[in-house]
*Asks:* 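Once you've had a glance at the structure underneath, I'll fire off some questions.
Keep in mind that what you see is a predicted model, and the values were worked out from it rather than measured. Protein chains get the first letters and strands the later ones, always in sequence-line order, with residue 1 at the start of each.
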Amino acid sequence: GAVVSQHPSRVICKSGTSVKIECRSLDFQATTMFWYRQFPKQSLMLMATSNEGSKATYEQGVEKDKFLINHASLTLSTLTVTSAHPEDSSFYICSARDTSGYQPQHFGDGTRLSIL
Amino acid sequence: AQKVTQAQTEISVVEKEDVTLDCVYETRDTTYYLFWYKQPPSGELVFLIRRNSFDEQNEISGRYSWNFQKSTSSFNFTITASQVVDSAVYFCALSEAGRNRDDKIIFGKGTRLHILP
């Protein structure tokens with residue numbers, strides 16, 4: 001069964017709306033979670049690394065004020081796309097690494113975001 | 001800098017044929033992990049394998065096999081007796097491996113595999 005739950009799986013909303021995506025580790029504690037973005041027929045690109053209790057580390061070119069990340073507990077990280085525009089439409093997928101780190105990262109099932 | 005190259009953008013084979021997906025990587029790290037993931041049309045990532053850079057043993061899992069050649073920085077993936085259900089996008093990926101933990105993952109561009117009935 002899924003060990004990382006990502007919610008919602010699909011969002012369709014109007015331009016200017018802020019959208020929150022949750023990434024939850026179900027049966028392990030995740031000190032670190034990663035957020036990726038995938039445009040149609042392209043690869044997954046890392047957006048940011050989310051660390052529990054501290055600020056996220058963003059990859060070059062990713063606007064931290066646009067993509068707000070909060071990792072307030074060992075089982076939950078959230079990504080908020082603020083004032084979303086059509087160009088933010090994409091597939092967002094998170095992964096979580098358990099605190100021991102010996103197991104491979106687990107990926108959520110992704111969130112398909114469509115901004116009209 | 002780390003980089004993963006999957007030169008085959010798209011491959012089509014007839015069912016029951018064997019198919020090899022190529023992956024070449026670049027890294028300055030001496031310790032790293034290599035991965036293969038499958039992404040079916042539904043979008044989720046299906047983990048197939050993780051290989052530590054110190055473990056060059058080839059691996060077989062059912063119809064899947066992986067050939068890790070450090071000398072050529074390659075980590076190729078072979079599906080034998082392919083099936084229609086194998087149709088998907090396959091990603092090769094790389095991450096650092098500090099303190100036995102995989103870190104952020106760098107993905108290749110993927111190979112779209114079509115298995116024709």
*Asks:* Check each atom of A:I93 against the heavy atoms of chain B and say whether the ones under 4.5 Å are side chain, backbone, both or neither.
*Replies:*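 Contact with chain B: side chain only.
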*Asks:* For A:H7, does the NE2 atom have more than 12 heavy-atom neighbours from other residues, nucleotides or ligands under 6.0 Å away?
*Replies:*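 No, NE2 of A:H7 has 12 or fewer neighbouring heavy atoms, counting only those of other groups under 6.0 Å.
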*Asks:* Counting only heavy atoms closer than 4.5 Å, note whether A:Q6 contacts chain B via side chain, backbone, both or neither.
*Replies:*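 Looking at A:Q6, nothing touches chain B.
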*Asks:* Check whether more than 12 heavy atoms from other residues, nucleotides or ligands sit under 6.0 Å from atom NZ of B:K38, and answer yes or no.
*Replies:*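 It does: B:K38 NZ has more than 12 such atoms within range.
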*Asks:* If I take atom CZ from residue A:F107 and atom CD from residue B:Q39, how far apart are they, to the nearest 0.5 angstrom?
*Replies:*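 A:F107 CZ to B:Q39 CD: 10.0 Å, rounded to 0.5 Å.
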*Asks:* What distance separates A:L44 CG from B:I105 CD1, expressed to the nearest 0.5 Å?
*Replies:*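 Here the interatomic distance stands at 9.5 Å.
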*Asks:* Would a single hydrophobic cluster contain both A:Y92 and A:M33, if residues Ile, Leu, Val, Met, Phe, Trp and Tyr are joined by side-chain heavy-atom contacts under 4.5 Å?
*Replies:*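 No, A:M33 and A:Y92 fall in different hydrophobic clusters.
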*Asks:* Would a 4.5 Å heavy-atom cut-off, applied to side chains only, mark B:R112 and A:K41 as touching?
*Replies:*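 Contact flag for B:R112/A:K41 side chains = yes.
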*Asks:* Look up atom CZ in A:F91 and atom CD in B:E44, then write down how far apart they are to the nearest 0.5 Å.
*Replies:*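 Going from CZ on A:F91 over to CD on B:E44, the span is 7.5 Å.
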*Asks:* For A:E87, look at atom CD and say whether over 12 heavy atoms of other residues, nucleotides or ligands are found less than 6.0 Å away.
*Replies:*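 Counting neighbours around CD of A:E87, more than 12 heavy atoms of other residues, nucleotides or ligands fall under 6.0 Å, so yes.
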*Asks:* For A:K55, does the NZ atom sit with more than 12 other heavy atoms under 6.0 Å from it, leaving out its own atoms?
*Replies:*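 No, the 6.0 Å shell around NZ holds no more than 12 heavy atoms from other groups.
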*Asks:* Tell me whether the count of non-hydrogen atoms from other residues, nucleotides or ligands lying under 6.0 Å of CG in A:L116 goes above 12.
*Replies:*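 Above 12, so yes.
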*Asks:* Of all heavy-atom pairs between A:S43 and B:K109, which one has the smallest distance, and what is that distance?
*Replies:*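 Looking at all heavy atoms of both residues, the closest pair is CB-CA, 3.7 Å.
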*Asks:* Could you grab the distance from atom CD of A:Q105 to atom CZ of B:F35, nearest 0.5 Å is fine?
*Replies:*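 One finds 6.0 Å between CD of A:Q105 and CZ of B:F35.
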